[in-house]
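Accompanying notes for the structure given below.
Only a predicted model underlies this, so the values are computations on that prediction, with no experimental measurement involved. Only heavy atoms go into these numbers, but all of them, side chains included; no hydrogens, no water, no symmetry mates.
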Amino acid sequence: RPPRSTLFPYTTLFRSRAMAQANSELSEVNQSLERSNLALKRRAAYFQAMVEMAEALPPDALISDACQAGALAIGQVLGIPSALVCTLAHGQTHGHLVLAGGDISAIELVEAMDLAEARDKLKPSKRSWFIPVLPSLDSLARRFMDKLGSGPYWLLPIQCHGRVGAVALVSASQEIIEAHDGESADMTALLTTIGLAIATAESAAKANRLVEDLAVANQQMHWNQAEVLRTRSLHSVAEMAAGAAHELNTPLAVISGRAQQLRALDLGPNVREALNAIHEQAHRCSAIVSELMAFARSEEHTSELQSPNT
């Protein structure tokens, strides 16, 4: 058995190596814990942004409200001062553009951009949602450069039910993008939440427009019904007038004719004066009958023009 003094250097070397290995492993564990804590903090930031966005949006939120809440949530998660969200609704001539962050707030309607050819480019990769700005949106980035930042500019496609319905435009350094690469699941949850909020607001807006259209149609229907009733009443009056005129015309003609025959006889001045009065009143009644006939014909023509079956 070798003496203790001979084994001491080997024992010391072994202990040093063991301590170095333990320190290295401990350092790796600490780094892993730091990475896990950082990932948890970032995930918590995503969750907090979604919670605050949900609390900020009332049930009757407008499309611009949803875009503004989404822009604030994206800026909060990425740690940037502002973000821009623009809707890309199909079949509409205008989209909502909202720039939000800090004290900045700009809401307006912009001409809808035709992204049919570029829509395939607005699909994120499996690892990252950040897409370099498209040429069709480059002018929009330059327009808000003083509020977004000097670039580089990135797009975040906002999807709902598998369709891109909006896009977020941000200015972020390469370091920020790399720091958030690999957070695809968290970014998917955030952008999907924003997309659902915008889609809900769009559905509410469509429902409100439908209610307004139905109210206008209902009012028009009531007016049409009143007009039909009025036309029918006038038509009934016209029929009665035509019948009365037809029935009165013959006896009035007889009265007037007989008065003229009697006037030809020498029956004295008093009788002649009475016969003249009879003739004048019969003529007057005949004029009234003619007016009734004209009214009947005009109302019949008007009802034919306004009839819904014509």
Side-chain angles (χ1 to χ4, degrees), residues 46-47 49-77 82-101 104-124 129 131 133-134 136-137 139-141 143-144 148 155-170 187-225 308:
Y46 281 96
F47 181 76
M50 287 186 285
V51 169
E52 291 180 2
M53 185 181 72
E55 292 176 348
L57 288 176
D60 56 347
L62 303 176
I63 299 175
S64 57
D65 296 333
C67 292
Q68 186 174 23
L72 291 173
I74 291 172
Q76 178 181 341
V77 165
S82 61
L84 184 149
V85 172
C86 183
T87 60
L88 307 172
H90 291 270
Q92 295 186 11
T93 57
H94 290 80
H96 287 76
L97 181 148
V98 177
L99 177 68
I104 300 172
S105 180
I107 301 173
E108 59 182 277
L109 288 176
V110 295
E111 292 186 2
M113 292 149 289
D114 183 11
L115 296 177
E117 296 180 358
R119 200 166 293 278
D120 290 339
K121 298 180 181 179
L122 286 174
K123 293 181 179 179
W129 278 79
I131 302 170
V133 67
L134 299 176
S136 58
L137 293 176
S139 60
L140 194 64
R143 175 183 169 189
F144 292 96
L148 286 173
L155 296 176
L156 289 166
I158 299 174
Q159 297 183 351
C160 181
H161 305 304
R163 180 179 64 84
V164 177
V167 63
L169 176 63
V170 299
M187 187 62 73
T188 298
L190 175 62
L191 296 180
T192 300
T193 301
I194 298 173
L196 287 173
I198 294 175
T200 301
E202 288 177 344
S203 298
K206 291 179 181 178
N208 291 334
R209 287 194 297 269
L210 180 60
V211 170
E212 293 174 359
D213 292 343
L214 287 175
V216 172
N218 190 39
Q219 184 178 7
Q220 183 67 29
M221 183 183 67
H222 283 300
W223 184 89
N224 290 338
Q225 288 177 344

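- Q219 places none of its side-chain heavy atoms less than 4.5 Å from the side chain of H222.
- T200 pairs by the side chain to side chain contact (heavy atoms under 4.5 Å, CB included) definition with nothing, not counting sequence neighbours.
- For A201 against A61, the heavy-atom pair with the smallest separation is CB-O, 3.6 Å.
- Put simply, the side chain of N218 never gets that close to the backbone of L214: no donor and acceptor are under 3.5 Å apart.
- Looking at every heavy atom in both residues, L148 comes nearest to L84 through CD2-N, 4.0 Å.
- In this structure, OG1 in T193 is found 11.0 Å from CD1 in I198, a value given to the nearest 0.5 Å.
- Of all heavy-atom pairs between A83 and G75, the closest is CB-N, 4.4 Å.
- To the nearest 0.5 Å, atom SG of residue C67 and atom CG of residue L72 are 11.5 Å apart.
- Atom CZ of F47 and atom CG of L190 lie 12.5 Å apart (nearest 0.5 Å).
- When all heavy atoms of A56 and P58 are compared, the closest pair comes out as O-CD, 3.4 Å.
- Nearest approach of L191 to I158, heavy atoms of both residues: O-CG2, 3.4 Å.
- Taken from OG in S203 to CD1 in I63, the straight-line distance is 9.0 Å, to the nearest 0.5 Å.
- Proximity of Q159 to T192: side-chain heavy atoms (C-beta onward) are nowhere separated by under 4.5 Å.
- To the nearest 0.5 Å, atom CG of residue N224 and atom CD of residue Q220 are 4.5 Å apart.
- In this structure the side chain of L155 reaches within 4.5 angstrom of the side chain of L169, judged on heavy atoms.
- Across every non-hydrogen atom of A69 and M53, the tightest pair is CB-CG, 3.5 Å.
- Counted within 6.0 Å of CD on Q225, heavy atoms from surrounding residues, nucleotides or ligands total more than 12; the atom is thus considered enclosed.
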